[in-house]
Participant: 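So that we are looking at the same thing, I have put the structure below in structure tokens.
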Amino acid sequence: MASGLQRVGVGTQSDATSVTLRGVTRDLTGQFQCEVSEDAPLFHTDIRQARMQVVELPKEDPMMQLDKTHITTLDNFRAVCTVGTSFPAANITWYINTKRIHRSPYQRITYRSYEGTPTFSSLEMFPHSQVLQDIYQSMPPFHTSLTVMCEISILHIYTKSAQQRILVSDLVTTISPNLLGLDGSNNRRKNNGDPDNSPLTGGATGPRLAGPTSLLTLAVVLLAAVESSLTTDRQSVLGGSCTRLLAREDPKTPNTMRSFVLAITVVVGLLACTASGYYMTKEVKYADKPFLAKQKAMLEIFQHVHQPELHTHLWEEQKSFELATYKDHFTKPQVVDEFLRYYKYGLLPMEEIFSLYNEYHREQAVALFHLFYYAKDWDTFYKTMVWARFHVNEGMFVYAVTVAVLHRTDMQGIVLPAPYEIYPYYFFNDVVISKAQRYKMQGFYRMKKADGVYSAYIPSNYTGYYVHSNPEQRVSYFMEDIGLNSYYYYFHADYPTWMGGKEYGLYKDRRGEFYLYQHQQFLARYYLERLSNDLGTIPTFSWYEPIVTGYYPYLRYYNGVPFPARENYHNGYTEKHDVVEEITDYERRIMEAIDYGFIILPDGTYVNITTPTGVEYLGNLIQSNGDSVNKRFYGYLEKVGKFFLGGSFEMFNEFRAVPSVLEKYETAMRDPVFYQFFKRVIGFYYRYLDTLPSYKYDEINFPGVKLETVEMDKLVTYFDTFDADITNAVDVEVFDESTMKAGEMKKFGKMAHYQGEDFVLYARMPRLNHLPFSFKLNVVSDKPQKAVVLVFLGPKYDQYGNAYSVNANRENFFQLDHFLVDLVAGENAITRNSQDFSWFVKDRTTYFELYKQVMQAYNGDYKFPLDMSEAHCGFPARLMLPKGKKGGMPFQFFFMVAPYHAPEVERFTGYDNTVSCGVGSGARYIDALPFGYPFNRKINEATWFTPNMVYYDAMIYHKSETEVNSVVV
């Protein structure tokens, strides 16, 4: 037998009792026999045989995708499960809440498998399904979810599963939007369909294999009654009455196989490198009871911020608190005196509009922040916060508490409600807010409760649907995205302009350079969206000419004052010509600093900015932040520019400000002029970068490393519906214990109730999203070494269909990823999924769900996870790709494998990266490369193209919800 195996290319090694096979293939499937003979003189012979099948296992974990993540008890839903190519084809079994699902008229299961393609199965459940009916009837209180699982099995040697949760409510009244031609039905998105009806690719719901991705795993199964075990030296041994057949894996291959019964596993493969290492770590911790008490307090304090009378027990608590006598409980007692001076003089009154761009408001907010920041412990922080809740302007209170929580080390991991759920007025138009208030005033007539909670869904839309005033509104779905605007708000909460110096350490994070690069990235991403809607380059403007692009925000403040609107061809110069003179002075001084190569200090000395590190000084100067070296001379360009462009009014009363959307970080990115203004600002950034010499060939080349090929999944975008909890937008009555019976959430501190009954109001809106995708880089290295992989996305053509030149296009690339890899000598297959991209995060959990999870965890019924999957410092993952077009739109990816340059401070030093963004640590970044490298210098095409970089053309397809959901089986 050994000689026969050698003839087909299989290596063998045998002794008196066993045979080891190496390099087996599917061709070896068949009957195997062993022969045992006695010695002389009898020579008795016994022959036994058994069938051996060689199995090829899938290379990747199974993936499951759902068309809906939130259903009512009257909805159907569909799930799709795929597993990679295998031989024989995998079996797929469906379970819901551990109950196995069999095919029936109300439980439709399809299955598809062709040789050489992934195996596919779909499950469609209808509300009349007996399994669902049994589950719904037996659901305990607050156990409002289904766990859908698909189990993959191949013979007896491979079993894996994938699962996801679906939230369930008993909702009858549902209102949905109809925007941009979207179907407004209750059917949620299905991120499981390939528009070409090809096998689903990318986007596994669970983590990918940590081992080699190009590993070919073959399993040999003997279907005879034999005994099998996995020995400590990683050998699978078949024992029996005759000689043993042994299959040994290649010693270079990592041990990824489990022991099994009646099976021999043969593992052969190529060693490959799987990419790992990203800022948003997947590590998870779980909250303990003291942490949950803090978390509960933070969720409670932000409820209905304009109704202090609701918090009756907090009102009683704060009565005994005297701030002036509590000075010893602050690390800097003088901050108490500082705040009390403002308090005695007169703080911004309650109900008035808070604006950080107002000098008086900002000074008071900083004084309040100092109280929270310098509180010695949680007890002091909590008592000060509760007191301030009843004595400080609501907007100022929310801002100061938010910044303090983000910067206090003892508050790491605390989850704040999303800004759009604390203050819905800044994110949802007046139509939505009015409908929500009418729901509350008119009562929840004929509405069924879901798990004891009244729920209503209100359609939300973007400004372009009501009045189409200019072409820019084609991209209102991007500019007004609540995740994008929340990210911008948190960016300025992490790096406030007024905060600086060694005490906070923001300079350690290269805040000036980061500020400029962040806004350049906003412009690049916005431009990609404009191209997808045939809008072309971002327009320019002149301070002396009418502003062509108007904006009607359709937002109003809580006190009823509408946000200022700016009409098309707004002529601000005639009214604010003195402001224009101030702006042009600031711009001239900044340009002179760039051109001269130095910044003038207040004492008349100079700072040289002609070196690459000079960009840090320039960024601080332009932002005029707390680390700027000369704010007095170089001024406040952003503040004054936004005041001029926003169309807001001159302030005649220091406490009666009416800021425009540009003057609120929560709303600034909604206005198209935001991008036009920062195009002008970032022009200074590139004016400076262009003074630096182009990179030489040796500075961008990676000797011994070549990026040979790139493979990528199909890129598909679509609109899906998203629900945000806007309950804070309505006022509720004070709970009367003598006449009302409290619901479960009310007992735990949730304030929203209707005659004692819990309720929640959702705004439902369409938001851009994309199907998960993966790419694979085949890299050759001449030696083992560390490297970083840089991934950018940019346009292929301009709005006229002309191909961009390399240098002209460098400003248009949006960075998708930047991660560390360990290259091995020889071939490296680097695979990366879009769900692992650095700096991107998933959608925020709603206020209601967050509150419910904390309640369940506090009562011991749930483990409250602490991780970075919804980190406030992450860019919305759903906006990773531009919309593209229905028939496909060409874009360019840029991949580069660069040498690893260790940062000055090792990443994650000084903070817990599982629960913190590390702001001010100086250890946020993976390496020491400048932001935007290698596009941060002018490109000399004669020395640009190196073996370690590749431009990759890809099409982005935009599909309707129906097309994305369609899978032909």
Participant: What distance separates Asp843 CG from Thr69 OG1, expressed to the nearest 0.5 Å?
Facilitator: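 These two atoms lie 9.0 Å from each other.
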Participant: Within the distance-only criterion (no hydrogens, no angle test), does the side chain of Arg112 pair as donor or acceptor with the backbone N or O of Phe120 below 3.5 angstrom?
Facilitator: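 No, the answer is negative, given that no donor and acceptor are paired below the 3.5 Å cut-off.
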Participant: Please give me the minimum heavy-atom distance between Ser145 and Arg165, naming the atom from each residue.
Facilitator: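 That would be OG-NH1, 3.5 Å.
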Participant: Determine whether Ile956 and Pro882 make a side-chain contact, defined as any pair of heavy atoms from C-beta on separated by less than 4.5 Å.
Facilitator: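 With C-beta onward as the side chain, the pair touches.
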Participant: Using only atom types and a distance under 3.5 Å, with no angle test, would you say the side chain of Asp927 pairs donor to acceptor with the backbone of Tyr900?
Facilitator: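 Side chain of Asp927 to backbone of Tyr900: no pair is present.
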Participant: Decide yes or no for Val705 and Pro899: does some side-chain heavy atom of the first lie under 4.5 Å from some side-chain heavy atom of the second?
Facilitator: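 No, every pair of side-chain atoms sits at 4.5 Å or beyond.
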Participant: Begin with the C-alpha distance, continue with both residues' side-chain angles, and end with the deciding distance and a verdict on side-chain contact (heavy atoms from CB on, under 4.5 Å) for Lys959 and Leu771.
Facilitator: CA-CA 10 Å; Lys959 301 298 181 181; Leu771 296 179; over 6 Å; no
Participant: Do NZ/NE/NH1/NH2 and the carboxylate oxygens of Asp75 and Lys68 come within less than 4.0 Å?
Facilitator: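 A salt bridge is absent here (no side-chain N lies under 4.0 Å from a carboxylate O).
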Participant: Which heavy atom of Asn76 sits nearest to which heavy atom of Glu124, and what is that distance?
Facilitator: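 Looking at all heavy atoms of both residues, the closest pair is ND2-OE2, 3.5 Å.
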Participant: Do you know which two heavy atoms are closest between Val54 and Phe87, and how far apart they sit?
Facilitator: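 Closest approach of Val54 to Phe87: O-CD2, 3.9 Å.
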Participant: Using the side-chain contact (heavy atoms from CB on, under 4.5 Å) rule, take Ile109 and Ser121 through it: C-alpha gap first, then chi angles, then the decisive distance, then the call.
Facilitator: CA-CA 7 Å; Ile109 298 176; Ser121 179; 4.0 Å; yes
Participant: Would you call the rings of Phe819 and Phe775 parallel, tilted or perpendicular, where under 30° means parallel and over 60° means perpendicular?
Facilitator: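 Answer is tilted, since the angle falls between 30° and 60°.
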Participant: Does Thr147 reach the main-chain N or O of Asn97 with its side chain, forming a donor-acceptor pair under 3.5 Å?
Facilitator: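 Side chain of Thr147 to backbone of Asn97, a donor-acceptor pair under 3.5 Å: no, none is there.
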Participant: Is there any ring pair (Phe, Tyr, Trp, His ring centres under 6.0 Å) pair reaching into residues 88-109, and which pairs are they, with sequence neighbours excluded?
Facilitator: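 Found Tyr106-His128.
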Participant: Could you go step by step and tell me if Leu881 and Val716 meet the side-chain contact (heavy atoms from CB on, under 4.5 Å) rule?
Facilitator: CA-CA 9 Å; Leu881 297 181; Val716 179; over 6 Å; no
Participant: Say whether, by atom type as modelled, one donor and one acceptor occur between the side chain of Asp817 and the main chain of Ser838 under 3.5 angstrom.
Facilitator: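 Yes; at least one donor-acceptor contact below 3.5 Å.
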Participant: Is a side-chain N or O of Ser532 found less than 3.5 angstrom from the main chain of Gly884, in a donor-acceptor match?
Facilitator: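 Looks like yes, one N/O pair under 3.5 Å.
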Participant: Any side-chain heavy atom of Ile152 sitting closer than 4.5 Å to one from Cys81?
Facilitator: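 Yes - at least one pair of side-chain heavy atoms lies under 4.5 Å apart.
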Participant: State the CD-CG distance between Gln163 and Leu146, to the nearest 0.5 angstrom.
Facilitator: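 Here the interatomic distance stands at 12.5 Å.
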Participant: Using ring centroids (six-membered ring only for Trp), state whether Phe773 and Phe837 fall under 6.0 Å.
Facilitator: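 For Phe837 and Phe773, the ring centres are under 6.0 Å apart.
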Participant: Starting at OH of Tyr952, measure out to CE of Met712 and round the result to the nearest 0.5 Å.
Facilitator: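 Result: 6.0 Å between the selected atoms.
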Participant: If only atom types and distance count, is the side chain of Asn828 paired as donor or acceptor with the main-chain N or O of Val824 below 3.5 Å?
Facilitator: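 Flag set: sc Asn828 to bb Val824 pair under 3.5 Å.
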Participant: Using side-chain heavy atoms (C-beta onward) and a distance below 4.5 Å, is Val131 in contact with Arg100?
Facilitator: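 The answer is no, as the side chains (C-beta and beyond) never meet within the 4.5 Å cut-off.
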Participant: Can you confirm whether the side chains of Thr717 and His770 place a donor and an acceptor under 3.5 Å from each other?
Facilitator: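 No, because no side-chain N or O of Thr717 sits under 3.5 Å from a partner of the opposite role on His770.
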Participant: Write down the atom of Met880, the atom of Phe840, and the distance for their closest heavy-atom approach.
Facilitator: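 Of all heavy-atom pairs spanning Met880 and Phe840, the closest is CE-CG, 3.8 Å.
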Participant: Enter the distance from Gln49:CD to Cys34:SG here, rounded to the nearest 0.5 Å.
Facilitator: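 Output value for this atom pair is 9.5 Å.
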Participant: Could you tell me whether a side-chain N or O of Gln164 sits under 3.5 Å from a main-chain N or O of Val148, the two making a donor and an acceptor?
Facilitator: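 Side chain of Gln164 to backbone of Val148, a donor-acceptor pair under 3.5 Å: no, none is there.
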Participant: If we only count heavy atoms from C-beta on, is the Leu816 to Phe893 side-chain gap below 4.5 Å?
Facilitator: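 Touching, per the 4.5 Å side-chain cut-off.
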Participant: Do any N or O atoms from the side chain of Asp713 and from the backbone of Ser774 form a donor-acceptor pair under 3.5 angstrom?
Facilitator: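 Yes, Asp713 side chain to Ser774 backbone: donor-acceptor pair under 3.5 Å.
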Participant: Which heavy-atom pair separates Pro58 from Val83 by the least distance, and what is that distance?
Facilitator: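 Nearest pair, atom of Pro58 first, then Val83: CG-CG2, 3.6 Å.
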Participant: Would you check, one step at a time, whether the test salt bridge (charged side-chain N to carboxylate O under 4.0 Å, His left out) holds for Lys99 with Asp134?
Facilitator: CA-CA 10 Å; Lys99 296 179 182 291; Asp134 292 343; 5.8 Å; no
Participant: Mind listing the closest non-hydrogen atom pair of Phe894 and Met949 along with its distance?
Facilitator: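 Between these two residues, the closest heavy atoms are CE1-SD, 3.7 Å.
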Participant: Counting C-beta onward and ignoring hydrogens, is there a side-chain heavy-atom pair between Thr831 and Lys776 closer than 4.5 Å?
Facilitator: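 Yes - at least one pair of side-chain heavy atoms lies under 4.5 Å apart.
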Participant: Can we say Arg878 and Asp720 salt-bridge, meaning some charged N sits less than 4.0 Å from an Asp/Glu carboxylate O?
Facilitator: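 Yes, charged N to carboxylate O under 4.0 Å.
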Participant: Show your working on ring-ring contact (aromatic ring centres under 6.0 Å, His included) between Phe875 and Phe814 and close with a plain yes or no.
Facilitator: CA-CA 12 Å; Phe875 194 85; Phe814 177 67; 5.7 Å; yes
Participant: Would you call the rings of Phe719 and His958 parallel, tilted or perpendicular, taking 30° and 60° as the class edges?
Facilitator: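 Correct class here is perpendicular.
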Participant: Can you tell if the side chain of Leu57 reaches within under 4.5 Å of the side chain of Ile154, non-hydrogen atoms only?
Facilitator: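 Contact flag for Leu57/Ile154 side chains = yes.
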Participant: Output yes when a side-chain donor or acceptor of Gln835 lies under 3.5 Å from a complementary backbone atom of Pro772, and no otherwise.
Facilitator: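 Checked: no pair found.
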Participant: Could you measure the distance from the CE atom of Met868 to the CG atom of Asn913? Nearest 0.5 Å is fine.
Facilitator: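 Going from CE on Met868 over to CG on Asn913, the span is 7.5 Å.
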Participant: Between atom NZ of Lys285 and atom NZ of Lys863, what is the distance when rounded to the nearest 0.5 Å?
Facilitator: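 The distance works out to 13.5 Å.
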Participant: I'd like to know whether Leu715 forms a side-chain contact (heavy atoms from CB on, under 4.5 Å) with Met955, so could you lay out the CA-CA distance, the side-chain angles of the two residues, the decisive distance to 0.1 Å, and finally the verdict.
Facilitator: CA-CA 7 Å; Leu715 306 176; Met955 302 287 284; over 6 Å; no
Participant: With a 3.5 Å cut-off and no angle check, do the side chains of Gln107 and Ser129 form a donor-acceptor pair?
Facilitator: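 Yes.
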Participant: Take atom NZ in Lys706; do more than 12 heavy atoms of anything else shown fall under 6.0 Å from it?
Facilitator: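 No.
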Participant: Using residues 784-792 as the side-chain source, report each donor-acceptor pair under 3.5 Å to any protein atom, sequence neighbours left out, with the distance given to one decimal.
Facilitator:
from   : atom 1 : to     : atom 2 : distance (Å)
Gln785 : NE2    : Ser781 : OG     : 3.0
Lys786 : NZ     : Asp822 : OD1    : 3.2

